[in-house]
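What you are looking at is a predicted structure, and each value in this text was computed from that prediction instead of being measured.
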Amino acid sequence: MRPTPPRYTFDTDFILDDAQAAAADALTTPGKKGIYLWGPVGRGKTWLLDTYFDNVDVTAKKRVHFHSFFRDLHAAYFRHGFSIDAAIDDILSTGSAPASLLCFDEFHVHDIGDARLITRMLDALFARRVVLVVTSNYAPDDLLPNPLFHPTFVPTIEKLKKDLDVVCVDGPVDYRSAGTSRSRFASGMWSLEPVLDGRTFSELCCAARSTGDYLQLTETATTLTITDIPALASVNEFAAQRFANLVDVLYDRDVRTDFHALVPLHEFAVGRAGLDTDRLISRLSELRSSSPERAANSVDAAGA
């Protein structure tokens, strides 16, 4: 049974739009299934998830960014001799009891190898009757969008839809573009000024790196400078995806980051489309700018 906090826990000093209110209603209505919140960037999905998690009366619970969880799952999977059951038991541990509630922020599937492990992970979680509450920029039917591999993931998608109530959070307002964030990440800047110190885009994103590398990079860092950032369309899709993953990690871990680019932000993603690009630009739009041009012309898009 899905645990629920009282409806008043979603009362706030701003007015929820209709989609957010419907999601809050779903999160506070008892049910047998978990919940899959999906929608465009910037519609408040992460806020809904965090409000739910902070107020639900469950002792053994975990709230994780999907990048971090999947990194830990990989490590536990290898550590336990490729036993998915042992790996799941390991990472569900809360010190007192296995988590009965697992909240994923930014659930996504891009790689066929990851998809196979995610399928086994979900089977193991559902077998343990772990309640899942998930946010995603992708509707379930759009997971693993590569048409070469998507059909192989359809059975898992059907399981997700069977075990989770799917709620679309697609309100009309891009809240992140309002520019009210007080996060450490948002205190960074997008600048066209060259600097000598820092890590280059090529070093961080053009070489073969995993999300685990970025998680390790930010284990202790509270600031980062990235230099020589080119237009996103000028690099291959793998480097573009790595940069999106890097920004996801920096944003989730609230690392102040100064981005020193070769193009202004409003030109950065021209020619490169997709939900991950939308989320990337949404997050970058929170940054300060060192130039009036960027402040006037930046792309306004909102976060997950």
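Aromatic ring pairs are classed by plane angle as parallel below 30°, tilted from 30° to 60° and perpendicular above 60°; the pair His67 and His65 is parallel. Note: His74 and Phe70 have perpendicular aromatic rings, judged against thresholds of 30 and 60 degrees for the angle between ring planes.
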For this session: Under the ring pair (Phe, Tyr, Trp, His ring centres under 6.0 Å) rule, what do Phe14 and Trp47 come out as? Steps first, then yes or no, please.
Result: CA-CA 12 Å; Phe14 57 87; Trp47 176 81; 5.3 Å; yes
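Side chain of Ser234 to backbone of Pro230: no donor-acceptor contact under 3.5 angstrom is found. In terms of modelled atom types and a separation under 3.5 Å, the side chain of His150 and the main chain of Leu144 share a donor-acceptor contact. Formation of a donor-acceptor pair under 3.5 Å by the Lys33 side chain with backbone atoms of Lys162 is found in this model.
Cluster membership for Leu262 and Val247, using ILVMFWY side-chain heavy atoms within less than 4.5 angstrom, is not shared. Phe243 and Leu217 fall within a single hydrophobic cluster, where Ile, Leu, Val, Met, Phe, Trp and Tyr side chains are chained together by heavy-atom contacts under 4.5 Å.
Figure legend: cation-pi geometry between Lys61 and Phe53, with NZ or CZ positioned under 6.0 Å from the six-membered ring centre and within 45° of its axis.
The salt bridge (Lys or Arg N to Asp or Glu O under 4.0 Å) contacts involving residues 125-151 comprise Asp85-Arg128, Asp89-Arg128, Asp141-Lys161, where partners must be two or more places apart or lie in separate chains.
Atom OG1 of Thr135 and atom CG of Leu37 lie 7.0 Å apart (nearest 0.5 Å). We find the OG-CZ distance between Ser136 and Phe104 to be 12.0 Å, quoted to the nearest 0.5 Å.
Taking the six-membered ring wherever Trp is involved, the centroid distance between the rings of Trp38 and Phe107 does not fall below 6.0 Å.
Ion pairing between Arg120 and Asp123 fails under the 4.0 Å rule for side-chain N and carboxylate O.
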